[in-house]
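Right, one structure below, let's go through it.
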Amino acid sequence: MLDKIRKLLAKAEDPAATPEEAEAYAGMAMALVAKYGIDQALLDAKKVDSEREPVVDRMRTVSAPYGMEKAVLLHRVSVPLNVYIVRHSRVAGGSYPVHMFGTDSDLDRVELLFASLLIQAVRGVAAVNWVPLGETLVGYRKAWIRGFANRVGERLTEANDQAVREVGGNTTSTAMVLADRRTLAIGRAKDAYSNLKELKGPKVSVLGYGAGQRAGSQADIGSSRLGQQSATKAIG
């Protein structure tokens, strides 16, 4: 399943693909990502506790430029896929260490989607060379990435909800199984960090944010270890 998703993402990332082709690949990949995650969760829920997929952690670094905004994109991808992330303070060079918590199958889905979306976001924001009067290029681009990230998160949530409905049976039970996986991820993060804080977004360019949202609507969305440390900020 993951191999099929990778192939669809690669086609959507291809600069030679038309917007219509990229959109078609996006829809197919999106459906597969959602279905794969739900199938894995439901299968896991049928096992005895000792055999279920444990919550693990992975560490990655979100690099500059626009490290903060890229971390927001990672967060928006993580939430619908039952993964909780903790963002550390910026390090030299403008990068951000990010600690991820979730099951291996959920973390794999997040890593796969984030890598593809990052390519799409970087390509899209690099094409922004003109901004309206009164805007700065850097500020506009930061807002663009945030708009892109938020729209992607909305689309992933919609895809998940649709996949839950298509599974059949008791949709409430299926939703509870998924919620339990995220609850376990959050609990693991809180065990590792005693001073988590919710991140509040800064004011951003309204025009840049809107342009990023429109790009996020067309993006292909797939239709390492750290011990106890002090984390100054978290997003989850």
Side-chain angles (χ1 to χ4, degrees), residues 33-62 67-90 96-115 117-118 146 149-161 163-164 167 170-201 221-222 224-236:
V33 165
K35 184 177 185 303
Y36 173 76
I38 291 171
D39 286 348
Q40 290 291 109
L42 292 177
L43 287 172
D44 198 51
K46 295 178 181 179
K47 300 176 182 177
V48 297
D49 290 348
S50 61
E51 296 178 353
R52 288 180 181 174
E53 238 189 324
V55 173
V56 296
D57 64 298
R58 297 180 190 175
M59 194 72 193
R60 68 169 299 139
T61 297
V62 182
M68 169 76 82
E69 287 67 35
K70 291 174 182 176
V72 171
L73 175 59
L74 178 57
H75 165 61
R76 294 293 185 260
V77 172
S78 298
V79 172
L81 303 186
N82 314 314
V83 169
Y84 189 89
I85 71 170
V86 175
R87 180 182 64 77
H88 288 250
S89 297
R90 184 173 58 182
Y96 288 88
V98 176
H99 202 167
M100 307 167 62
F101 298 86
T103 63
D104 271 324
S105 60
D106 287 337
L107 288 168
D108 286 345
R109 290 192 299 153
V110 169
E111 296 264 29
L112 179 63
L113 278 178
F114 178 67
L117 287 165
L118 194 56
R146 284 181 179 270
N150 286 341
R151 181 57 189 139
V152 161
E154 291 171 355
R155 290 180 63 201
L156 277 172
T157 299
E158 292 163 3
N160 241 25
D161 292 345
V164 168
V167 166
N170 191 326
T171 57
T172 300
S173 296
T174 301
M176 288 179 64
V177 167
L178 299 177
D180 285 345
R181 285 169 81 88
R182 179 161 171 80
T183 297
L184 290 172
I186 293 172
R188 177 68 183 272
K190 290 184 175 179
D191 287 341
Y193 300 99
S194 59
N195 61 337
L196 292 177
K197 298 177 183 178
E198 292 298 326
L199 180 66
K200 294 183 179 180
I221 63 172
S224 66
R225 311 182 70 86
L226 206 74
Q228 176 78 25
Q229 292 192 22
S230 173
T232 57
K233 294 183 179 178
I235 48 179

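Every heavy atom of this structure was used, including side-chain atoms; hydrogens, water molecules and symmetry mates were not. Counting begins at 1 with the first residue of the sequence.
Taking both residues in full, the closest heavy atoms of G102 and A185 are given as CA-CB, 4.1 Å, listed atom of the first, atom of the second, then distance. The minimum heavy-atom distance between V77 and L156, with the atom names listed, is CA-CD1, 3.8 Å. Of all the heavy atoms in K190 and L196, the pair that sits closest is CG-CD1, 3.9 Å. Closest approach of Y96 to H88, counting heavy atoms only: CD2-O, 3.3 Å.
For D108, the side chain to side chain donor-acceptor pair (under 3.5 Å) partners two or more places apart in sequence, or in a different chain, are R58. Contacts of T157 classified as side chain to side chain donor-acceptor pair (under 3.5 Å), with partners at least two apart in sequence or in another chain: none. For N82, the side chain to side chain donor-acceptor pair (under 3.5 Å) test picks out no residue, with sequence neighbours left out. Residues meeting the side-chain contact (heavy atoms from CB on, under 4.5 Å) test with L184, sequence neighbours left out: V55. Under the rule for a side-chain contact (heavy atoms from CB on, under 4.5 Å), T183 has no partner lying at least two apart in sequence or in another chain.
At least one donor-acceptor pair closer than 3.5 Å links the side chain of N160 to the backbone N or O of P80. No donor-acceptor pair closer than 3.5 Å links the side chain of R87 to the backbone N or O of P97.
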| task | Mind running ring-ring contact (aromatic ring centres under 6.0 Å, His included) on H75 and F114 for me, showing each step along the way? | result | CA-CA 9 Å; H75 165 61; F114 178 67; over 10 Å; no

| request: Apply side chain to side chain contact (heavy atoms under 4.5 Å, CB included) to E154 and R76, showing your working. | output: CA-CA 8 Å; E154 291 171 355; R76 294 293 185 260; over 6 Å; no

| Stepwise side chain to side chain contact (heavy atoms under 4.5 Å, CB included) test for L74 and L118 | CA-CA 9 Å; L74 178 57; L118 194 56; over 6 Å; no

| field | Worked check of side chain to side chain contact (heavy atoms under 4.5 Å, CB included) between R146 and M68 | value | CA-CA 10 Å; R146 284 181 179 270; M68 169 76 82; 3.4 Å; yes

| message | Could you walk me through whether I85 and V83 satisfy the side chain to side chain contact (heavy atoms under 4.5 Å, CB included) test, starting with their C-alpha distance in whole Å, then the side-chain angles of each, then the deciding distance to 0.1 Å, before giving a yes or no? | response | CA-CA 7 Å; I85 71 170; V83 169; 4.1 Å; yes

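Inter-residue side-chain proximity for V33 and L113 is flagged as met; some heavy-atom pair is nearer than 4.5 Å. M59 has its side chain out of reach of V98: every pair of non-hydrogen atoms, C-beta onward, lies at least 4.5 Å apart. A heavy-atom distance below 4.5 Å is found between the side chains of V86 and F101.
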Using atom types as modelled, flag every donor-acceptor pair under 3.5 Å from a side chain in residues 36-47 to any protein atom, sequence neighbours excluded.
unit_1, atom_1, unit_2, atom_2, d
D39, OD2, K35, NZ, 2.8
D44, OD1, E53, N, 2.8
D44, OD2, E53, N, 3.2

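Taking CZ of R182 as the start and OG of S78 as the end, the distance is 8.0 Å to the nearest 0.5 Å. A distance of 11.0 Å separates OG of S173 from CG of L178, quoted to the nearest 0.5 Å. Note that the CG atom of D57 and the CG atom of D191 stand 11.5 Å from one another [nearest 0.5 Å].
Side-chain atoms of T103 and R109 include no donor-acceptor pair closer than 3.5 Å.
Between E158 and R155, no side-chain nitrogen of the basic residue sits less than 4.0 Å from a carboxylate oxygen of the acidic one, so the salt-bridge criterion is not met.
A centroid separation of 6.0 Å or more is found between the aromatic rings of H99 and Y84.
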